[in-house]
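The structure under discussion appears below in the form of structure tokens.
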Amino acid sequence: MKPFRYVAVLGLAAVGAYFASQQMISAAPPAKPLSSFDPQAKALLAQMTLDEKIGQMTQPDQESIKDLSDIERYFVGSILSGGSSDPKEGNSLQAWTDLYDRLQQHTTLTRLKIPILYGIDAVHGHNNILGAVIFPHNIGLGCTRNPALVEKVERVTAEEVRATGIQWAFAPCVTVPQDIRWGRTYEGFSEDPAVVKELAGPAVRGFQGTDLASPLSVLACAKHYIGDGGTSFGSTRRGQGLDQGDTRVDEATLRRIHLQGYISAVREGAASIMPSYSSWNGVKVSGDKHLLTEILKQELGFQGFLISDYNAIDQINPNYKTAIGISINAGMDMAMVPARYKEYIADLKQLVEEGVVPMARIDDAVVRILRVKFAMGMLDTKRSQLADRTLQKSFGSPEHRAVARQAVRESLVLLKNQNKVLPLKKTAARIHVGGKSADDLGNQCGGWTIDWQGKSGEVTPGGTTVLAAIKKAVSGKTEVTFSKDGTGAAGATLGVVVIGEKPYAEGNGDRADLKVAQEDVDAVANMKSAGIPVVVILFSGRPMILGTVLDQADAVVAAWLPGTEGAGITDVLFGDFKPKGKLSYAWPRSMEQVAKHPGDKDYAPLFPLGYGLTF
């Protein structure tokens, strides 16, 4: 254990956070605690059968419900669209809204008419819907160090989510990634728990607003509790990589690094939390009573409900029924059981009848779910639970895109600016643009964009690539030319090369080597061979090993995965705004530097945590 690991960079704030985390934590309750809805929740609970209670604890995936009458047959309390579980009619705004309404209408056929909570991974905007505003992933937002902006980003996201009727976002991700080889690094604001703690609360406020019952509020879900960013390389079930692996640290370290975001999320009233697939010292978090009940619910005073990750309960024990009992008794309140929902329901009912899962645990779980539904106004009989389609007039609007554009320009980190090549002049005679990502919106947005894994190319309408943004930003007399491989730059005034990772998500992004791809190295070399100043813009979900790219580039901008608003990049390139982003992750010189942090032996990054130039 290294209690002062971040002190050199963060000073007294980190020291205070560390000592606070070693003691019983009393998070300040939200303005109107969820427990204030207990009288209504318990009155409704008293009317419910065991089948109806278990239904509230069940969340299937919409694409696995082959007969929609299962919604009323099993009293289903929640439904999700996981990964690429999309409407059969496609990913349009109307298709998603129609899907939500179609499913929600089935709850009116149940005895108690309790509406479903519909959950979706809106992790950088309402990213499953064509035409939605796609924001920078959290790694970029962490570089802004701007809590008010993070809150604004999630407020816009909430409004776009509610435009489809959906009321629950599986966000924010408040992980604290400690090894950038992890494919989910970009989902974390920072490797630094102090930064994550600072931004987690505003993100929750952005989603939930000041009143969960507001038609513009969305239920937030802080994830993935706890230690998902601290797994050891090679500790996964498949024996390689990091995703869903084992976090091997003592409890003091777990609290100091990985608990901090949850302290502020709970304090701001986060009404749902998703436990992680990962393990802590060999025990699956989704079945760990000390973590779920003793720390989160009792010590932190979390009053909302816990939702398991996608099929996460399956990993607890080879026997599915046994796994269910372990998880529910540990404190899990709702189970994300995409396709096995009938089996889960039958097994959980048997476990209660056999006395393995006490009825008191079932009642506690259901009260937690119902208190959230009451807080959200979902059980107000005077209020329709179908989508309010009047909200769609602002979906993907210029006003929403302006917020994303601000987030892009504040997230950019200027790593190098030799001979003050930046800012560029809008009146340059000719700018040659190159690189595989210069005119590729899919690479610019990254994973979790329309498809779960994301994809290269034209993923969604309404976005602006860097090439398009440059053409729009320059003067009418400036010629803008383009070649993907960076050739043909001879005679240009200067060059801009946009390189980086192709989209991925979760374990598919685990990498043992983070070197920049050879095609990117070649594109920069081709551009530089023209003898002109070269600006490199890097799209990536984590710091990359730059190698010769750093030497050949006159300027390097870490743009992360900025989303649809490429004009935020040209705002900085051409000097309309000064770069202000600060690294939320240290930038390693080589793979030997990966997973080293302040206080570690041989810690000597290329660019330290908090680094960032300006003009």
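Just the heavy atoms: all of them, side chains too, but no hydrogens, waters or symmetry mates, feed the values below.
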Any donor-acceptor pair under 3.5 Å linking the side-chain atoms of [Y] with those of [X]?
X	Y	answer
Q315	Q244	yes
W452	E506	yes
T449	H124	yes
S85	D61	yes
Q303	S35	yes
N138	E187	no
S81	Y118	yes
W182	T231	no
H106	S69	no

Check the pair T164, H126 against side-chain hydrogen bond (donor to acceptor under 3.5 Å, both in side chains), reporting the backbone distance first and the verdict last.
CA-CA 9 Å; T164 56; H126 199 10; 3.0 Å; yes
Report yes or no: does [X] contribute a side-chain atom to a donor-acceptor pair with the main-chain N or O of [Y] at less than 3.5 Å?
X	Y	value
T185	G541	no
S92	A95	yes
Y344	A339	no

Cationic N near anionic O, under 4.0 Å, [X] to [Y]:
X	Y	result
K373	D380	no
R184	D228	no
D67	R73	yes
R368	D364	yes
E159	R162	no
E501	R542	yes
R111	D51	no
K32	D211	no
R145	D192	no
D70	K342	yes

For the pair H137 and Y186, name the ring-plane relationship: parallel under 30°, tilted 30 to 60°, perpendicular over 60°.
tilted
Aromatic rings Y341 and Y74: how do their planes relate, parallel, tilted or perpendicular, breaks at 30° and 60°?
perpendicular
Can you measure from [atom1] ([X]) to [atom2] ([Y]) and round to the nearest 0.5 angstrom?
X	Y	atom1	atom2	result
T570	L467	OG1	CG	11.0 Å
K393	T390	NZ	OG1	5.0 Å
N443	T465	CG	OG1	11.0 Å
R383	M378	CZ	CE	9.0 Å

For N146, which of K580, E410, Q406 qualifies under side-chain hydrogen bond (donor to acceptor under 3.5 Å, both in side chains)?
E410
Hey, which of I129, I450, T460 is the one that makes side chain to side chain contact (heavy atoms under 4.5 Å, CB included) with N91?
I450
Which atom pair, heavy atoms only, marks the closest approach of D243 to G507?
OD2-N, 3.2 Å
Test: R371 cationic atom under 6.0 Å from F37 six-membered ring centre, within 45° of axis
no
Would you check, one step at a time, whether the test side-chain contact (heavy atoms from CB on, under 4.5 Å) holds for F305 with I273?
CA-CA 7 Å; F305 67 87; I273 288 175; over 6 Å; no
